[in-house]
Participant: 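What follows is a structure written as structure tokens; I'll ask about it next.
Below, chain A is the first sequence line, B the second, and so on; all start at residue 1. Keep in mind it's a predicted model, so treat the numbers as computed, not measured.
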Number of protein chains: 2
Amino acid sequence: MALPTKATHQQTRVHNERLVVRTVYDLGPISRADVARQTGLTRTTVSDVVTGLLDDGVVKEIGRGPSSGGKAPILLEVDQDSRLVVGLDLGEEHFAGSVVNLRGEIRRTVELPVAGRDGDDAVELVFALLDRLLAGTTAPLLGIGIGTPGLVDSRTGTIRRAVNLDWRDLPLGTIVADRYGVPVNVANDSQAAALAEYTYAGEGRVPNLIAIRVGRGVGAGLILRGALFQGDGSGAGEIGHTVVDDQGAVCRCGRRGCLETVAGMRAIEARAAAATGGDADLGAVRAATVEGEPWALAIADDAGAALGRAIAALIGALDIQRIVLLGPVTALGEPWLAAVRREARSRALAPLADEVDISVGRQPSNVVIRGASALLVARELGLSLVR
Amino acid sequence: MALPTKATHQQTRVHNERLVVRTVYDLGPISRADVARQTGLTRTTVSDVVTGLLDDGVVKEIGRGPSSGGKAPILLEVDQDSRLVVGLDLGEEHFAGSVVNLRGEIRRTVELPVAGRDGDDAVELVFALLDRLLAGTTAPLLGIGIGTPGLVDSRTGTIRRAVNLDWRDLPLGTIVADRYGVPVNVANDSQAAALAEYTYAGEGRVPNLIAIRVGRGVGAGLILRGALFQGDGSGAGEIGHTVVDDQGAVCRCGRRGCLETVAGMRAIEARAAAATGGDADLGAVRAATVEGEPWALAIADDAGAALGRAIAALIGALDIQRIVLLGPVTALGEPWLAAVRREARSRALAPLADEVDISVGRQPSNVVIRGASALLVARELGLSLVR
DNA sequence: TCACTTTGTCCATCGACTGGACGAAGTGGT
DNA sequence: ACCACTTCGTCCAGTCGATGGACAAAGTGA
């Protein structure tokens, strides 16, 4: 039973500082007086806090705004390039990384092929990637966020297991933190994607959302009450290996009929190859659905339906209304998405299902990188995404 | 985007007060100095806070403890009867309620038959129940907790719908709070049960747990990160109406093959009646399993297996290791429980499933009442169970 | 008996929020 | 051009509450 920590004066200060930063961040150019009104703090306290933030450079004054019958306010804004964050996406083929600013905008990107490296060699590759990303950066680095496949314990920064890289209980967070001297956060790739969707949602930010990445594997990231939820063993969201078909194909996890063996990329491509008699990647299936080919539509529908059933179970369990789909398989487009929605809606309790919004995320290519960085940005903004 | 509230000195004070109360509550007879060591607060602050708590009567001194080489410490203990809470269980047949102390011990119970009342008449029955429970109580009443079937929004205290009582968007929390002048918390019965399991777990308290009530309906209560999780529409845990069998029987919700139609009490009794040719209630099935009757064992196994599959999905989604089963159907005993465990373990991802602890709760009869009260006890102890 | 510990309280100090006052800088009316 | 009024940002005294050191009370062990 973890006792919560005591409260001190410094903590109230930190809390209020973050409250001010976040208000300025979310509500754009805004005066001190308006911040005070929004937060409930006194003008005095806000002024005091802002003075510190100006010194740190996180916030800057951008001139006076229109008067409303009195002295014109000095508008404040978060200086989005005053701090940098690095986000990494340790994919199966490539390790990619970007330098990202406080708005989640990507400033520079480097990508290195994995080329079969694993174990310590893969760790070296992470170092190489970071060295190249950090060369010549000027603004202070808030930290490094890492998104990786596999089971990850974000609290300790340990990768419990990542099969393709042959990592097992690797304390990557500590290793990288020691080398670069900044905070490091490690998260599962699906979880990172969920963080990106949540953090950078802007006005439309909602406290609960599920992001589901459908690629080779199927994984979900859960944002509950405004924070990433990892469960007791860091495995929350690992829906890809829930059995959905007792007579299904054998999965790489050893069981039969996991969701991944029906809705995953590999399964789709395998079925497509069988249907066409030749080789067929996801793009080919997509093209065929656009052409209206029955075999392709059937594949898309089946894959989408299986995912939809899994989503129905999630909705029933958690009653979360915002579900975002990400990853390569989303390329299958409308027929696939329609099947997902149909099954999800028809199998979950009606009053719950009616309110659900299932959509495809906008920036599938770099969500993981942005999500990894989101962890650090969020900390600066006081969103406290983990725990 | 709900802005968090500002931090003030009073809040730090309240925070630390609760921290002290909770420490004394959890760690039994304990000295001020030990509290200081446990919490990290200074002895000065602890003394100051404790003085206030002694004045309020929440904490009392119970004499000196053994010395460890210096002045003997004055031991403190939470005076468990210094505050009372009322918990109600608005069941289908009876409205039951108890006066409960700070340890969740039941001091007095009243039960009234519903006898077909619904709508406003049912609200009147709630009043009658409360009036009888409160008559003659001496210690200050912290508040009233209400557990009820149906969809409940705990934040507003509104019952969104409870079919059997014909309640729809009924602000029961406000109504009762206005009449009795104390805080009122309303929760779904499954959620209340989960709160009871969490709050009164003592040393074994873990931050995440799922309590599943299997009776006429099937519902789960989710405790995530030490707080009840209700989802966006207060429907989190409503797993009873997730479709598990497309060819299944028609459910009272209108769909086919909901979990409830396979694993619920009604379904079990119906199958038993068919098997025996006569009437058979749950007790009869239980007795028959003890006798080793094949038909009864088959029924128990099927019902347990269906529940197990639903639990596997929950484990995959949330990776929660503590699962507590409650409600009348748990009476089916070992054969049923074995089936639940077998299916849950065999269908969830191995590393997740291995750590799962599925057990039957201890006090099935009054969990709802105790859980309803837990909401208020927890508030006093600073556990902040909701939100 | 004495040196040493531990406990609980007292006191001076400090960090941080509060509320009122004030000058600066606007607006609008005459 | 002048004046009353408003709003903004800052300054200052006041207060709340945590902190750390000092101290008496009450133990232990040599």
Participant: Quick one: is dC23(D) close enough that its OP1 or OP2 comes under 4.0 Å of any side-chain N or O from Arg43(B)?
Facilitator: no
Participant: What is the separation between atom CD on Gln10(A) and atom P on dC17(C), rounded to the nearest whole Å?
Facilitator: 11 Å
Participant: Round to the nearest Å and state the distance from Gln11(A) atom CD to dA18(D) atom C1'.
Facilitator: 11 Å
Participant: Whole angstrom is fine here: how far is it from CD1 in Ile74(B) over to P in dA26(D)?
Facilitator: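 Computing the Ile74(B):CD1 to dA26(D):P distance gives 10 Å.
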Participant: For Lys71(B) and dA26(D), what is the distance between atoms NZ and P respectively, to the nearest whole Å?
Facilitator: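 Distance check: Lys71(B) NZ to dA26(D) P gives 7 Å.
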Participant: Does Ser67(A) make a side-chain donor-acceptor contact with the base of dC8(D), cut-off 3.5 Å?
Facilitator: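 No, no donor-acceptor pair under 3.5 Å.
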Participant: Go through the N and O atoms of the side chain of Arg32(A) and the base of dG9(D), and report whether any donor-acceptor pair is under 3.5 Å.
Facilitator: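 Under the 3.5 Å cut-off, the side chain and the base do not form any donor-acceptor pair.
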Participant: Is there a donor and acceptor pair closer than 3.5 Å between the side chain of Ser47(A) and the base of dC8(D)?
Facilitator: no
Participant: Can you see whether Ser154(A) engages Gln230(A) through a side-chain donor-acceptor pair at a distance of less than 3.5 angstrom?
Facilitator: yes
Participant: Expressed as a whole number of angstroms, how long is the span from Leu76(B):CG to dT7(C):C1'?
Facilitator: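 It is 12 Å, rounded to the nearest whole Å.
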Participant: For Arg13(A) and dC17(C), is the shortest distance between a side-chain N/O and OP1 or OP2 below 4.0 Å?
Facilitator: yes
Participant: Under 4.0 Å between a side-chain N or O of Lys6(B) and OP1 or OP2 of dA16(C)?
Facilitator: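 For dA16(C), neither OP1 nor OP2 has a side-chain N or O of Lys6(B) closer than 4.0 Å.
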Participant: For a quick check, tell me whether the side chain of Ser31(A) and the base of dG9(D) share a donor-acceptor pair closer than 3.5 Å.
Facilitator: no
Participant: Under 4.0 Å between any heavy atoms, over every strand shown, what does Thr44(A) touch: base, sugar-phosphate, or nothing? Just pick one.
Facilitator: base
Participant: Are Thr8(A) and dT19(D) close enough that a side-chain N or O sits under 4.0 Å from OP1 or OP2?
Facilitator: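 The answer is no; no side-chain N or O of Thr8(A) sits under 4.0 Å from OP1 or OP2.
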Participant: OP1 or OP2 of dA16(C) sitting under 4.0 Å from any side-chain N/O of Asn16(A)?
Facilitator: no
Participant: Given the structure, check if the side chain of Ser68(B) and the base of dG27(D) hold any donor-acceptor pair shorter than 3.5 Å.
Facilitator: no
Participant: Check step by step if salt bridge (charged side-chain N to carboxylate O under 4.0 Å, His left out) holds for Lys60(A) and Asp81(A).
Facilitator: CA-CA 11 Å; Lys60(A) 62 183 175 188; Asp81(A) 290 309; over 6 Å; no
